[in-house]
**Q** 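Dumping the structure here so I can ask a few things about it.
Order of the sequence lines fixes the chain letters, A, B, ..., with proteins taken first and strands second; residue numbering starts at 1 for each chain.
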There are 2 protein chains.
Amino acid sequence: MSSRAAQPALKTPVSANGKRGGNGQARHQEQDIEVGLDGLIGHAGYAVRRFQIWIFQDFIRTLAAVDIKPTQYSVLTVIGANPGLSQMAVAKRLGIERARLVHLLDSLEDRKLVRRVQSRTDRRSHALHLTARGQASLRQFKLLAAEHERHVAEKIGAENREQLLRILSAFT
Amino acid sequence: MSSRAAQPALKTPVSANGKRGGNGQARHQEQDIEVGLDGLIGHAGYAVRRFQIWIFQDFIRTLAAVDIKPTQYSVLTVIGANPGLSQMAVAKRLGIERARLVHLLDSLEDRKLVRRVQSRTDRRSHALHLTARGQASLRQFKLLAAEHERHVAEKIGAENREQLLRILSAFT
DNA sequence: AACAATTGTTGTCGTCAACAACAATATTTC
DNA sequence: GAAATATTGTTGTTGACGACAACAATTGTT
């Protein structure tokens with residue numbers, strides 16, 4: 001571990017401020033002081049959560065001009081690769097609830113990127129297709145997404161990114 | 001569903017066709033058919049998101065008996081390692097908004113795990129401390145969190161987990 | 001034909017991030 | 001030292017999101 005005690009240490013680098021030379025002048029520099037994470041370091045979940053936040057923010061920023069968020073991109077990509085899928089199938093594949101997918105598709109349909117076509121084989125379900133505009137747009141989105149992916153590579157290193165994809169390939 | 005789920009996904013995107021009449025009998029087995037992710041594979045963000053969902057669910061499940069969620073655990077850990085921190089400092093360190101931290105601390109204070117002590121050097125701020133009960137509880141939480149971490153190692157492999165932590169160490 | 005399951009839809013609830021506004025207090029500036 | 005500015009904790013609002021529950025229409029099952 002790094003510097004600080006791993007156990008219930010009552011002393012801490014941060015609170016030193018309170019005891020030390022104790023003149024009443026407390027300048028607000030607490031923010032600069034190193035705050036120990038203790039047990040949090042070594043937790044995969046914490047690192048993954050922080051990384052996921054970063055990566056989503058970069059995706060949103062990179063695709064801000066076209067106003068496409070990660071979930072929307074994933075829906076468009078799956079429909080583009082598998083035209084005619086039902087909403088249930090898309091939801092299942094992406095781990096989205098069908099109730100949520102309804103709103104996502106409403107938005108994408110409003111933007112004329114997706115069409116819900118009544119299925120002839122099952123009148124309950126809708127066959128999902130990209131419109132011509134949706135296909136053209138998706139091509140552009142993919143270019144921007146590739147740029148985002150380059151940002152990731154810059155951030156963590158190209159070979160680290162490869163390793164990451166390999167390690168997490170089971171979750172796709 | 002659609003008769004033959006559009007296409008065998010991984011192979012040919014049906015794009016060009018669209019009009020292939022041959023739908024025949026529709027058995028509802030679309031769910032079993034492999035749905036291609038196309039461009040989604042190779043996107044770090046997608047894999048990371050799915051993994052993060054899995055890892056949080058396992059954490060919540062593993063610590064369900066003590067009713068501690070990931071964010072609560074991170075707050076307790078940081079306070080335990082750095083007693084006397086202000087709410088602002090904790091929020092900044094963990095990337096939580098201070099508005100959100102208010103509710104988190106309300107809950108933890110109700111459960112007698114944390115105490116907000118009025119700071120003598122800055123009457124605006126609260127010095128955060130674990131109660132005796134909070135310290136004892138945190139020790140138990142850490143044991144359960146370690147068990148969760150073992151689940152992660154089982155899921156992706158111990159050395160893959162190590163690599164992951166190394167790759168993402170910059171985000172902690 | 002009666003019953004059960006699936007699909008899309010609507011709605012509610014709880015979590016969470018992102019803001020905005022505010023009172024109390026602290027710091028800075030003149 | 002007084003006024004202007006900034007920070008801290010708090011409350012509230014908004015919107016995205018997952019988890020559920022209920023429902024009509026339709027399909028599958030017995």
**Q** Could you tell me the separation between the CG atom of B/L104 and the P atom of C/dC16, rounded to a whole number of Å?
**A**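 Spelled out: CG on B/L104 to P on C/dC16 is 7 Å.
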**Q** For B/S125 and C/dT25, is the shortest distance between a side-chain N/O and OP1 or OP2 below 4.0 Å?
**A**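 It does not, given that no N or O in the side chain of B/S125 lies less than 4.0 Å from OP1 or OP2 of C/dT25.
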**Q** Between P on D/dC17 and CG on A/D106, what's the gap in Å once rounded to a whole number?
**A** 14 Å
**Q** Looking only at non-hydrogen atoms, find the nearest pair between B/A47 and A/T172 and report the distance.
**A**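 Result for this residue pair: CB-CG2, 4.0 Å.
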**Q** So, is B/Q52 close to the D/dG18 phosphate, meaning a side-chain N or O under 4.0 Å from OP1 or OP2?
**A**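 It does not, given that no N or O in the side chain of B/Q52 lies less than 4.0 Å from OP1 or OP2 of D/dG18.
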**Q** Taking the six-membered ring for Trp and the single ring otherwise, decide whether the centroids of A/Y46 and B/Y73 are under 6.0 Å apart.
**A** no
**Q** Report the distance from atom CD of A/E97 to atom P of C/dT7, rounded to the nearest whole Å.
**A** 15 Å
**Q** Please give me the minimum heavy-atom distance between B/K69 and B/I60, naming the atom from each residue.
**A**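 Here B/K69 and B/I60 meet closest at CG-CG1, 3.9 Å.
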**Q** Is the shortest side-chain heavy-atom distance between B/F171 and A/K155 below 4.5 Å?
**A** yes
**Q** Which whole-number value in Å describes the distance from B/M88 CE to D/dA6 P?
**A** 15 Å
**Q** D/dA19 P sits how many Å from A/I96 CD1, rounded?
**A** 11 Å
**Q** Does D/dG28 have its OP1 or OP2 closer than 4.0 Å to a side-chain nitrogen or oxygen of A/R123?
**A** no
**Q** When the distance from CD1 of B/I68 to P of C/dT15 is rounded to whole Å, what number comes out?
**A** 14 Å
**Q** Under 4.0 Å between a side-chain N/O of B/Q72 and OP1 or OP2 of C/dT15, yes or no?
**A**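 For B/Q72, the contact criterion (side-chain N or O under 4.0 Å from OP1 or OP2 of C/dT15) is not met.
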**Q** Rounded to the Å, how far apart are B/Q57 CD and D/dG18 P?
**A**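 Distance check: B/Q57 CD to D/dG18 P gives 11 Å.
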**Q** Classify the side chain of B/R98 versus the base of D/dG9 as yes if they form a donor-acceptor pair under 3.5 Å and no if they do not.
**A** yes
**Q** OP1 or OP2 of C/dC16 less than 4.0 angstrom from a side-chain nitrogen or oxygen of B/R100, does that happen here?
**A**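 Yes, B/R100 has a side-chain N/O under 4.0 Å of OP1/OP2 on C/dC16.
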**Q** Identify which nucleotide among C/dG8, D/dT11, D/dT27 has an atom closest to any side-chain atom of A/R124, counting heavy atoms from C-beta outward.
**A** D/dT27
**Q** Specify the separation, in whole Å, of atom CD of B/Q87 and atom P of C/dA24.
**A**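 One finds 17 Å between P of C/dA24 and CD of B/Q87, rounded.
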**Q** Using a 4.0 Å heavy-atom cut-off, does B/Q118 contact any base of the nucleic acid, only the sugar-phosphate backbone, or nothing at all?
**A** nothing
**Q** With a 4.5 Å heavy-atom cut-off, do B/I55 and B/F51 have their side chains touching?
**A**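 They are in contact (side-chain heavy atoms under 4.5 Å apart), so the answer is yes.
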